[in-house]
Number of protein chains: 2
Amino acid sequence: MSSARTSHPTAASSAATDDPRERILSAAGQEFAEKGYEAATIRDICTAAGVNVAAVNYYFGDKRRLYNESVTHAHQQRVRQVPLPKWPPGTPPEQKLRDFVGNMLQRMLGFDQPPWQVRLMLREILHPTDACRELVEDYIRPHFTVLVSILDELTAGSLSKAELRRVGLSVVGQCFLYRAAGDVVNMLIPGPEINRLHTTDQLADHVTSFCLAALGRGTPLTDRNSRLSSHRVSPSGQA
Amino acid sequence: MSSARTSHPTAASSAATDDPRERILSAAGQEFAEKGYEAATIRDICTAAGVNVAAVNYYFGDKRRLYNESVTHAHQQRVRQVPLPKWPPGTPPEQKLRDFVGNMLQRMLGFDQPPWQVRLMLREILHPTDACRELVEDYIRPHFTVLVSILDELTAGSLSKAELRRVGLSVVGQCFLYRAAGDVVNMLIPGPEINRLHTTDQLADHVTSFCLAALGRGTPLTDRNSRLSSHRVSPSGQA
DNA sequence: ACTCTATTCAAACGCCTGTTTCAATCAAGT
DNA sequence: ACTTGATTGAAACAGGCGTTTGAATAGAGT
């Protein structure tokens, strides 16, 4: 009671690496992402962050609150890093769909940036805790709404909202499998095939073609034995 | 060293509930499935199984080996409970696909039987440990092979093996999303819609139609505004 | 120079974990 | 009845965990 623990510092200003609060959040996010909530230890987190064990209690109160703030922090970072694509008016919905799928796969699987934030969010998706609702409302639902509107445009309003949502889930599911069960997928697919056919772009092409064909736009997969009808759409998302 | 710990009992005979080994495996499977490896405690497991804490060390050696045997045990149970459907020769591949998808969804989401074995296997799929390879080879790959052969029959050999596998993953992904990210899906879909349109049968119909349309068999989803062309195929799997 | 407050630090506190001990019990075998 | 081996039981072990303590430090205000 004698120590100064009143008026928690908010540290909303600088995001420099010398801010202990920021360093703890970053280290905690990576530890939680890799090992999960139970297996990650405060001692390891503080060692990685270069601060004393007491710091986490001083800044965050306890482990659970540190976890919640880590999820929020990672998800806000991710939103800034990979915004939803913006299309000029008149963009054909087929290209929008291809861009959206490519963007989603890039965000889920992209190797260009360390994906520990995604892995942390994935844990919340698979085993939701308190931090999940915010994640859904701020991050997942907006993306899903955009997807549904693309599908609505694509089908010219001939599908009900419920049907559109189901189709949207079909699109997401195809991408989600590679992120969530990637290890098992790699065990099912012969080695050379993975490197050639399971790149982010290849997968985006496949998922897009598959869905367009299912919706009656674009040719069914069986009608393209020869390579002449592959109507590639160049990806433009990811800023 | 003085205690009798030589010649571990195999207990391969009876599966009665008075066999301590069996009771521990069952309790451990449920605890591991619900809480994960780290959060599940040996004391809780033994309390649930009605045995002493020393029993797990006596029968299994340590926690890790108990976990591995739990996964194996649950997966073998599941294989016996829900075998792959068998079709008489001449069954149209469309119906086979519908049966397969319905069977997979029933196995993943089925509310008729306690699905803790599936949740335990899901944990292995998401974060593989040593017990994963056996799971893939004995359980997942055979199912996936059947799916690919159905798709091959469906497309009359016009798709390469690599393309067939990609389509197979598209089928699996659509189902997998509901199992792995079911909580988030429920947050994205309005309440009443879940109970009406997201039953196991409805989902199987949707996924099957979606894939058939994408493969050029069956009508695209946009060409069925009126309810007259819904070519339902009754499910026959699940023995 | 002194004070006050915010922050850091090493050390410790209970508590719970997986694991082990060793005596008690039990069920044949002879 | 006695022995033998397998199984169970209550209690303890060492170690790691989240958390707390209280003193040391730093830095600005006056």
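Numbered from 1 within each chain, the chains take letters A, B, ... in sequence-line order.
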*Rounding to a whole Å, what distance do you find between A:N52:CG and D:dG22:C1'?*
13 Å
*Minimum-distance nucleotide to B:D62 side chain [options: C:dT8, C:dT19, C:dG18]*: C:dT19
*Quickly work out the B:D18 CG to D:dT8 P distance and round it to whole Å.*
11 Å
*Verify the neighbour count for atom CZ of B:R64: are there more than 12 heavy atoms of other residues, nucleotides or ligands below 6.0 Å?*
yes
*Taking only the side-chain heavy atoms of B:I42 (C-beta and beyond), determine which of C:dT7, C:dG18, D:dA11 contains the nearest atom.*
C:dG18
*Write down the distance between OH (B:Y58) and P (C:dC22), rounded to a whole number of angstrom.*
17 Å
*Please check if atom CZ in A:R133 has more than 12 non-hydrogen atoms from other residues, nucleotides or ligands closer than 6.0 Å.*
no
*Does B:F32 have B:K63 sitting over its ring (NZ/CZ under 6.0 Å from centre, angle to axis within 45°)?*
no
_What I want to find out is whether A:D205 reaches A:R98 closely enough, with some N-O distance under 4.0 Å, to be called a salt bridge._
yes
*Atom-pair distance (CD1 on A:I24; C1' on C:dT7), nearest Å*: 11 Å
*Nearest-Å distance, CZ (B:F60) to P (C:dT19)?*
13 Å
*Let me know the distance between CD of A:E31 and P of D:dC17, rounded to the nearest Å.*
11 Å
*asked:* Using only atom types and a distance under 3.5 Å, with no angle test, would you say the side chain of A:N103 pairs donor to acceptor with the backbone of A:Q106?
replied: no
*asked:* Please report the distance, rounded to the nearest Å, between CD1 in A:I45 and P in D:dG16.
replied: 17 Å
_Output the rounded distance in Å from CZ (A:R43) to C1' (C:dA10)._
12 Å
*Comparing A:G50 and B:R64 on DNA chain C - which has the more 5′ nearest nucleotide*: A:G50
*Parallel, tilted or perpendicular: which describes the rings of B:Y139 and B:H75, with under 30° parallel and over 60° perpendicular?*
perpendicular
*Going through the distances and angles, do B:E31 and B:R43 end up as a salt bridge (Lys or Arg N to Asp or Glu O under 4.0 Å)?*
CA-CA 11 Å; B:E31 286 288 319; B:R43 280 176 173 82; over 6 Å; no
*Which residue lies toward the 5' end of DNA chain D, A:E38 or B:V51, if each is placed at its nearest nucleotide?*
B:V51
*asked:* With each end axis built from five pairs of C1' atoms, what bend angle do you get for the helix from C:dA1-D:dT30 to C:dT30-D:dA1? Round to 10°.
replied: 10°
*More 5' along DNA chain C: B:V56 or A:A55, using each one's nearest nucleotide?*
A:A55
*Base, sugar-phosphate alone, or nothing: which one does B:A39 contact when heavy atoms must sit under 4.0 Å apart?*
nothing
*What nucleotide among D:dC17, D:dT20, C:dT19 has an atom nearest to a side-chain atom of B:K63?*
C:dT19
*Kindly point out which of D:dC17, D:dT20, D:dT19 is positioned nearest to the side chain of A:A54?*
D:dT20
